[in-house]
Peer 1: 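Below is the structure I would like to discuss, written out as structure tokens.
The model shown is predicted, which means the values in this text are computed figures rather than measured ones.
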Amino acid sequence: MITVLAHKSPDTDATGSPIIWAWYLNEVRKTPARAILQGTPNTEAAWMLTRWGQDMPEIVTELAAGDQVVICDTNNPAELPAAINDTEILEIIDHHMLVGGLKTRTPINITIRPLACTATIMHDLIGDDLAAAPDWVKGVMLTCILSDTLEFRSPTTTPHDRAVAEKLAAGLGIDVSEYAAEMFAAKSDVSAFDDADLLRMDSKEFELDGKKLRVSVLETTAPKVLLDRKDALLAAMPGVAAADGADEVLLFIVDILNEEATLLVPNDYVKQVAEASFGVPVAGDTVVLPGIMSRKKQIIPSLKL
């Protein structure tokens, strides 16, 4: 049995891509496979599973030596189970920068392409076999692409991502704008999550000049809901950092509709990072960053002191 998994803190692409590829392995390659998650999916990803009638994959945080795995939507060992290099990695499908540190027992297929979404890459890899896929596979694929591109607003969007999404939507009889609005409404409903959960919901680990950072992003069409919790989020940051072995938490609240991010600034260190990285003066405990929407393309590459 092949285990298909993505990164920790599963967003929509990290939830959808494993179930897409597990379907492909089971139904097309006739190879037994299962999709797993490493944590509870965010609200948009959970909405996607319900919308397309799919059960939530089992949450698994540990793998055993010798397990056969396919890795999606990451190639970073820090975002994978601790024993990942003791498993038999069969394939990697990703759209992030190459980090290094994974070890394989034999040569494998590695597909890393500069596209906005792993599901777009899977669309291309599956090829003509996608015609026989049930609607839920195409619907999950569409949801992943619209999520990662923020309905084509993100600077990571390529013409190919857009073309694939529009083709899938047309085949499913879906209006992209109406469907994306439903997705983003689900993404914006964070009322059930406490402050620590929000800080971990969509986060990546990053090291800057010897300091370990948890870089968190919350994408929303209702930024006021999150900014109203600013004081509580700021207060929760030291505890989350300590519990996760990080030095600092950087939280960016991305306003999807106004195409800007607000960075919460809990201390002088984050203030220095913000001013050096984005060239903006910081006067209080927040700073607005116009045009900043993508952690992968705009935030992580810009971080400096």
Peer 1: Without swapping roles, check the side chain of Gln54 against the backbone of Met48 for a donor-acceptor pair under 3.5 Å.
Peer 2: no

Peer 1: Hey, could you give me the CE/OG distance between Met201 and Ser9, rounded to the nearest 0.5 Å?
Peer 2: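 Here the interatomic distance stands at 9.5 Å.
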
Peer 1: Going by the side chain to side chain contact (heavy atoms under 4.5 Å, CB included) test, name the single residue among Leu80, Thr104, Asp67 that passes it with Ile89.
Peer 2: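 The side chain to side chain contact (heavy atoms under 4.5 Å, CB included) with Ile89 is passed solely by Thr104 among Leu80, Thr104, Asp67.
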
Peer 1: Answer whether the closest heavy-atom distance between the side chains of Val4 and Cys72 falls below 4.5 Å.
Peer 2: yes

Peer 1: Looking at Glu91 and Arg29, is any side-chain nitrogen of the basic one under 4.0 Å from a carboxylate oxygen of the acidic one?
Peer 2: yes

Peer 1: Might you point out which heavy atoms bring Thr15 and Pro41 nearest each other, and give the distance in Å?
Peer 2: OG1-CB, 3.6 Å

Peer 1: Okay, side chain of Asp285, backbone of Pro266: is any donor-acceptor separation there less than 3.5 Å?
Peer 2: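 A pair under 3.5 Å: no.
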
Peer 1: Passes salt bridge (Lys or Arg N to Asp or Glu O under 4.0 Å), Asp209 versus Lys304? Steps please.
Peer 2: CA-CA 8 Å; Asp209 288 351; Lys304 62 184 178 181; over 6 Å; no

Peer 1: Please, which pairs that meet side-chain hydrogen bond (donor to acceptor under 3.5 Å, both in side chains) have at least one residue in residues 128-144, sequence neighbours excluded?
Peer 2: Thr143-Tyr179

Peer 1: First locate atom CG of Leu303, then atom CG of Leu250, and finally report the distance between them rounded to the nearest 0.5 Å.
Peer 2: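 It is 6.5 Å, given to the nearest 0.5 Å.
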
Peer 1: Can you measure from OG (Ser154) to NZ (Lys296) and round to the nearest 0.5 angstrom?
Peer 2: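 Here the interatomic distance stands at 7.5 Å.
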
Peer 1: Can you tell me which residue pairs pass the side-chain hydrogen bond (donor to acceptor under 3.5 Å, both in side chains) test with a partner in residues 115-127, sequence neighbours excluded?
Peer 2: Asp13-Thr118, Asp73-Thr118, Thr120-Asp161, His123-Lys167, Asp124-His160

Peer 1: Can you hop from Leu234 to Leu289 via hydrophobic side chains spaced under 4.5 Å?
Peer 2: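 No.
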
Peer 1: Apply side-chain contact (heavy atoms from CB on, under 4.5 Å) to residues Leu63 and Val69 and explain how you reach the verdict.
Peer 2: CA-CA 9 Å; Leu63 296 174; Val69 301; 3.9 Å; yes

Peer 1: How many angstroms lie between CE in Met293 and OG1 in Thr149, if you round to the nearest 0.5 Å?
Peer 2: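 Interatomic distance, Met293 CE to Thr149 OG1, rounded to 0.5 Å: 9.5 Å.
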
Peer 1: With the threshold set at 4.0 Å, does a side-chain nitrogen-carboxylate oxygen contact exist between Lys212 and Asp244?
Peer 2: no

Peer 1: Using a cut-off of 6.0 Å, state whether more than 12 heavy atoms not belonging to Asp175 lie near its atom CG.
Peer 2: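 Counting other residues, nucleotides and ligands, CG of Asp175 exceeds 12 neighbours.
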
Peer 1: Distance to the ring centre below 6.0 angstrom and angle to the axis at most 45 degrees; does that hold for Lys211 and Tyr269?
Peer 2: yes

Peer 1: Do Ile110 and Ile93 come close enough that some side-chain heavy atom pair is under 4.5 Å?
Peer 2: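 No; the side chains remain at least 4.5 Å from each other.
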
Peer 1: Roughly how far, to the nearest 0.5 Å, is CG of Leu227 from CD1 of Ile253?
Peer 2: 4.5 Å

Peer 1: Search all heavy atoms of Leu305 against all heavy atoms of Ala276 and return the closest pair with its distance.
Peer 2: C-CB, 3.8 Å

Peer 1: For the hydrophobic clusters of this structure (ILVMFWY residues joined by side-chain heavy atoms under 4.5 Å, transitively), does one cluster hold both Leu5 and Ile19?
Peer 2: no

Peer 1: Check Ala116 against Asp148 and note the closest heavy-atom contact, atom names and distance.
Peer 2: O-OD2, 3.2 Å

Peer 1: Determine, step by step, whether Val176 and Phe152 satisfy the side-chain contact (heavy atoms from CB on, under 4.5 Å) criterion, reporting the C-alpha distance in whole Å, the side-chain angles of both residues, the deciding distance to 0.1 Å, and the verdict.
Peer 2: CA-CA 10 Å; Val176 167; Phe152 316 132; 4.1 Å; yes

Peer 1: Please assess Asp94 against Ile71 for the test side-chain contact (heavy atoms from CB on, under 4.5 Å), listing each intermediate value before the final yes or no.
Peer 2: CA-CA 8 Å; Asp94 191 19; Ile71 299 169; over 6 Å; no

Peer 1: State plainly whether one hydrophobic cluster holds both Val265 and Leu233, where clusters connect Ile, Leu, Val, Met, Phe, Trp and Tyr through side-chain heavy atoms under 4.5 angstrom apart.
Peer 2: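 No: no chain of side-chain contacts under 4.5 Å links Val265 to Leu233.
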
Peer 1: Please tell me if the side chains of Leu208 and Val273 come closer than 4.5 Å, counting only heavy atoms from C-beta onward.
Peer 2: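 Counting from C-beta outward, Leu208 and Val273 do come under 4.5 Å.
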
Peer 1: Looking only at atom types and distance, does a side-chain atom of Ser302 sit under 3.5 Å from a main-chain N or O of Ser277, one as donor and one as acceptor?
Peer 2: no

Peer 1: Looking at every non-hydrogen atom in both residues, tell me the closest pair between Leu218 and Leu198 and how far apart they are.
Peer 2: CD2-O, 3.7 Å

Peer 1: Using only heavy-atom distances, determine whether the side chains of Gln38 and Thr61 contain a donor-acceptor pair under 3.5 Å.
Peer 2: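 Not at all, the side chains of Gln38 and Thr61 share no donor-acceptor pair under 3.5 Å.
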
Peer 1: With side-chain contact (heavy atoms from CB on, under 4.5 Å) as the criterion, how do Met183 and Lys187 come out once you've worked through the C-alpha distance, each side chain's angles and the decisive distance to 0.1 Å?
Peer 2: CA-CA 6 Å; Met183 290 172 48; Lys187 186 196 291 277; over 6 Å; no

Peer 1: Not counting sequence neighbours, list each pair that qualifies as a side-chain hydrogen bond (donor to acceptor under 3.5 Å, both in side chains) and has a residue in residues 254-264.
Peer 2: Asp255-Asn258

Peer 1: Could you tell me whether Glu248 and Arg214 have a side-chain N and a carboxylate O separated by less than 4.0 Å?
Peer 2: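 No, no charged N to carboxylate O under 4.0 Å.
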
Peer 1: Should Leu125 and Val137 be regarded as members of a common hydrophobic cluster, given that ILVMFWY residues are connected when their side-chain heavy atoms come within less than 4.5 Å of each other, either directly or indirectly?
Peer 2: yes

Peer 1: Tell me, do Glu151 and Phe184 make a side-chain contact under 4.5 Å, heavy atoms counted?
Peer 2: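 A side-chain contact exists here, since the closest heavy-atom pair is under 4.5 Å.
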
Peer 1: Tell me yes or no: between the side chains of Thr74 and Asn76, is some donor less than 3.5 Å from an acceptor?
Peer 2: no

Peer 1: Please determine if Arg34 and Glu58 form a salt bridge, counting it only when a charged side-chain N lies under 4.0 Å from a carboxylate O.
Peer 2: yes

Peer 1: Between the side chains of Asn42 and Asp11, does any donor sit under 3.5 Å from an acceptor?
Peer 2: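 Asn42 vs Asp11: no donor-acceptor pair found between side chains.
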
Peer 1: Is Leu90 reachable from Ile112 through a run of I, L, V, M, F, W or Y residues, each pair having side-chain heavy atoms under 4.5 Å apart?
Peer 2: no

Peer 1: Determine yes or no for a side-chain-to-main-chain donor-acceptor pair under 3.5 angstrom, with His95 supplying the side chain and Pro114 the backbone.
Peer 2: no

Peer 1: What are the two closest non-hydrogen atoms of Val249 and Ser216, and how far apart are they?
Peer 2: CG1-OG, 4.2 Å

Peer 1: With distance as the sole criterion, is a donor-acceptor pair present between the side chains of Gln68 and Thr3 under 3.5 Å?
Peer 2: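 There is no such pair between these side chains.
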
Peer 1: Taking the side chain as C-beta and beyond, is there a heavy-atom pair between Ile126 and Val28 under 4.5 Å?
Peer 2: no

Peer 1: Report yes if some heavy atom in the side chain of Val190 is under 4.5 Å from a heavy atom in the side chain of Arg229; otherwise report no.
Peer 2: yes

Peer 1: Does Ser188 use its side chain to pair, donor to acceptor, with the backbone of Thr220 at less than 3.5 Å?
Peer 2: no

Peer 1: What closest approach, in Å, do Pro57 and Ile36 show between heavy atoms, and which atom pair accounts for it?
Peer 2: CB-CA, 4.0 Å

Peer 1: Tell me whether Glu27 contacts the main-chain N or O of Trp23 through its side chain, where contact means a donor paired with an acceptor under 3.5 Å.
Peer 2: no

Peer 1: In the structure I gave you, are the side-chain heavy atoms of Arg295 and Val215 within less than 4.5 Å of one another anywhere?
Peer 2: yes

Peer 1: Output the distance between atom CD1 (Ile299) and atom CG (Leu263), rounded to the nearest 0.5 Å.
Peer 2: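 Here the interatomic distance stands at 8.5 Å.
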
Peer 1: Within the structure provided, determine whether Met122 and Trp21 are in side-chain contact (heavy-atom separation under 4.5 Å).
Peer 2: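 Yes, at least one pair of side-chain atoms sits under 4.5 Å.
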
